[in-house]
Amino acid sequence: MNTNYSLDNLSEIATAIIATVKNKTVLFYGKMGVGKTTLIKEICKQLGVVDTISSPTFSLVNEYKTAKEATVFHFDFYRITDPEEALDMGIEEYLYRNDWCLIEWPQNVENLLPLESVEIHLSLLENGQRNVQLK
């Protein structure tokens, strides 16, 4: 998947991502302000999350429940300076539970992530649209 989108069709992009990914660990790459959290919020909404969805910048991880009692984990590793911090918070316990793990700033904990993870690369285009690439 390699496509451009605007906030008007964010729902369609989230639907396509959910339908495309085979592994529930999804890594979101992109510069600050490109829309990683906004896309994750829409994915969570479509997965049926009933909790308030917010960025876990300071807590590192937010746990959300869906209407069907499934769990979605939302990580933000922007402030991680040493992967040891992620180990201390128990990242391995989250990643190997077969729950959705949506991870912002994964490059800060790269060596700890499952090899089967799906990468999503976001970029902002000059016309205000975003480009999303799944790898």
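Below, all heavy atoms of this structure are taken into account, side chains as well, without hydrogens, waters or symmetry copies. Start at 1 with the first residue, then count along the sequence.
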(message) Under the side chain to side chain contact (heavy atoms under 4.5 Å, CB included) test against Ile103, which residue among Asp76, Val26, Val61, Leu113 passes?
(response)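 With Ile103 as partner, side chain to side chain contact (heavy atoms under 4.5 Å, CB included) holds for just one option, Leu113.
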Quick check: is [Y] connected to [X] through a chain of hydrophobic side chains (ILVMFWY, heavy atoms under 4.5 Å apart)?
{"X": "Ile53", "Y": "Phe28", "answer": "yes"}
{"X": "Leu122", "Y": "Tyr78", "answer": "no"}
{"X": "Val50", "Y": "Ile18", "answer": "no"}
{"X": "Leu102", "Y": "Val109", "answer": "no"}
{"X": "Ile13", "Y": "Val49", "answer": "yes"}

(message) Would you call the rings of Tyr64 and His74 parallel, tilted or perpendicular, taking 30° and 60° as the class edges?
(response)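 Aromatic pair Tyr64/His74 classed tilted.
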Any donor-acceptor N/O pair, [X] side chain to [Y] backbone, under 3.5 Å:
{"X": "Gln46", "Y": "Ser11", "value": "yes"}
{"X": "Lys135", "Y": "His121", "value": "no"}
{"X": "Glu42", "Y": "Leu39", "value": "no"}

Is there a side-chain contact between [X] and [Y] (heavy atoms, below 4.5 Å)?
{"X": "Leu60", "Y": "Phe75", "value": "no"}
{"X": "Phe77", "Y": "Glu85", "value": "no"}
{"X": "Asp99", "Y": "Tyr94", "value": "no"}
{"X": "Gln133", "Y": "Glu119", "value": "no"}
{"X": "Leu124", "Y": "Lys31", "value": "no"}
{"X": "Ile91", "Y": "Phe73", "value": "no"}

Just verifying a value: how many Å separate [X] [atom1] and [Y] [atom2], rounded to the nearest 0.5 Å?
{"X": "Asn131", "Y": "Thr3", "atom1": "CG", "atom2": "OG1", "value": "7.5 Å"}
{"X": "Lys24", "Y": "Asn98", "atom1": "NZ", "atom2": "CG", "value": "4.5 Å"}
{"X": "Ile43", "Y": "Ile17", "atom1": "CD1", "atom2": "CD1", "value": "4.5 Å"}
{"X": "Met89", "Y": "Ile80", "atom1": "CE", "atom2": "CD1", "value": "7.0 Å"}
{"X": "Leu7", "Y": "Gln129", "atom1": "CG", "atom2": "CD", "value": "10.0 Å"}

(message) Around atom OH of Tyr29, are there more than 12 heavy atoms from other residues, nucleotides or ligands closer than 6.0 Å?
(response)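 Yes, because the 6.0 Å sphere around OH of Tyr29 holds more than 12 heavy atoms from other groups.
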(message) Other residues, nucleotides and ligands only: do more than 12 of their heavy atoms fall within 6.0 Å of NZ on Lys45?
(response)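 It does not: Lys45 NZ has 12 such atoms or fewer within range.
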I need the minimum non-hydrogen distance between [X] and [Y], along with the two atoms involved.
{"X": "Leu112", "Y": "Pro83", "value": "CD1-O, 3.5 Å"}
{"X": "Thr25", "Y": "Asn23", "value": "N-OD1, 2.7 Å"}
{"X": "Lys36", "Y": "Gly30", "value": "NZ-O, 2.9 Å"}

(request) For Asp51, enumerate each residue passing the side chain to side chain donor-acceptor pair (under 3.5 Å) test, keeping only those at least two apart in sequence or located in another chain. (result)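 Asp51 satisfies side chain to side chain donor-acceptor pair (under 3.5 Å) with no residue once adjacent residues are dropped.
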(message) Suppose the criterion is side chain to side chain donor-acceptor pair (under 3.5 Å): which pairs have a residue in residues 109-118, not counting sequence neighbours?
(response)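 Every candidate side chain to side chain donor-acceptor pair (under 3.5 Å) pair involving residues 109-118 fails, so no pair, neighbours aside, qualifies.
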